[in-house]
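So the structure is just underneath, and the comments pick up after that.
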Amino acid sequence: MKTNPIVVTENYYPKSEHVDDVLNILMETSAMIKEQDGALMSMSLKPEKQDGPITGFSMWESREKFTDFMKSEHMEKIMKTGLADKVKDWTTEIKASLFTIEQAWHVESHD
């Protein structure tokens with residue numbers, strides 16, 4: 001059975017004094033995702049608008065691979081570090097969404 005890849009976006013609306021903190025955590029998380037089973041791609045996006053969200057974008061082979069990662073020991077260890085609480089303190093809002101990829105193209109890697 002073929003499964004469609006899934007994209008996860010996380011939009012973080014940082015308090016002005018914590019823009020760099022939130023971006024740094026997102027970039028660290030992106031580097032960690034690179035080693036996870038089923039991870040295809042990850043990007044950390046800084047908004048052009050000053051009040052726009054910092055966005056984490058990751059692509060996974062399937063919804064199952066993503067949910068396996070979210071339930072993994074690795075993710076559990078991350079949550080125990082208090083990282084989630086810091087991010088909640090540093091932001092005014094966090095929104096996450098999942099998407100099924102229906103069509104896509106990509107020219108080259110941007111490592």
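Quick note: numbers below take in every heavy atom, side chains included, and nothing from hydrogens, waters or symmetry partners.
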Inset, instruction - To the nearest 0.5 Å, tell me how far L45 CG sits from L26 CG. - result: 8.0 Å
Inset, instruction - State whether the side chain of T67 and the backbone N or O of R63 hold a donor-acceptor pair below 3.5 Å, judged by distance alone. - result: yes
Inset, instruction - Report yes or no: does K46 contribute a side-chain atom to a donor-acceptor pair with the main-chain N or O of D20 at less than 3.5 Å? - result: no
Inset, instruction - Establish whether I54 and W90 are linked, either directly or via other cluster members, by ILVMFWY side-chain heavy-atom contacts under 4.5 Å. - result: yes
Legend entry - Nearest-0.5 Å distance, CD of residue E10 to OG of residue S58: 6.5 Å
Legend entry - Common cluster, V87/M43, ILVMFWY with side-chain heavy-atom separation under 4.5 Å: no
Inset, instruction - Inspect the surroundings of CD in E73 and state if more than 12 heavy atoms from other residues, nucleotides or ligands are less than 6.0 Å away. - result: no
Inset, instruction - Identify the two heavy atoms, one from V7 and one from M59, that lie closest to each other, and give their separation to 0.1 Å. - result: CG2-CG, 4.2 Å
Legend entry - Minimum heavy-atom distance between K15 and D89, given as atom pair plus value: NZ-O, 2.8 Å
Inset, instruction - Give a yes-or-no answer on whether the side chains of N4 and T100 include a donor-acceptor pair shorter than 3.5 Å. - result: no
Inset, instruction - Report whether F66 and I101 are members of the same hydrophobic cluster (ILVMFWY, side-chain heavy atoms less than 4.5 Å apart, transitive linking). - result: no
Inset, instruction - State, yes or no, whether a side-chain contact exists between I33 and W60 at a heavy-atom distance under 4.5 Å. - result: yes
Legend entry - Minimum side-chain heavy-atom gap I6-L98 below 4.5 Å: yes
Inset, instruction - Could you tell me the separation between the OH atom of Y12 and the NE2 atom of H18, rounded to the nearest 0.5 Å? - result: 15.5 Å
Legend entry - Spatial distance of atom OH (Y13) from atom NZ (K95) [nearest 0.5 Å]: 4.5 Å
Inset, instruction - For residues S30 and S44, report the shortest heavy-atom separation together with the two atoms involved. - result: CB-OG, 3.8 Å
Legend entry - Flag, side chain of S62 to backbone of K65, donor-acceptor distance under 3.5 Å: yes
Legend entry - Cluster link M41 to V8, ILVMFWY, side chain under 4.5 Å: no
Legend entry - Nearest-0.5 Å distance that lies between atom CZ in F69 and atom CD in E35: 11.5 Å
Inset, instruction - Tell me, yes or no, whether the heavy-atom count around Q50 atom CD, taken from other residues, nucleotides or ligands under 6.0 Å, exceeds 12. - result: no
Legend entry - Contact summary for Q36 and M32, nearest pair of heavy atoms: NE2-O, 3.4 Å
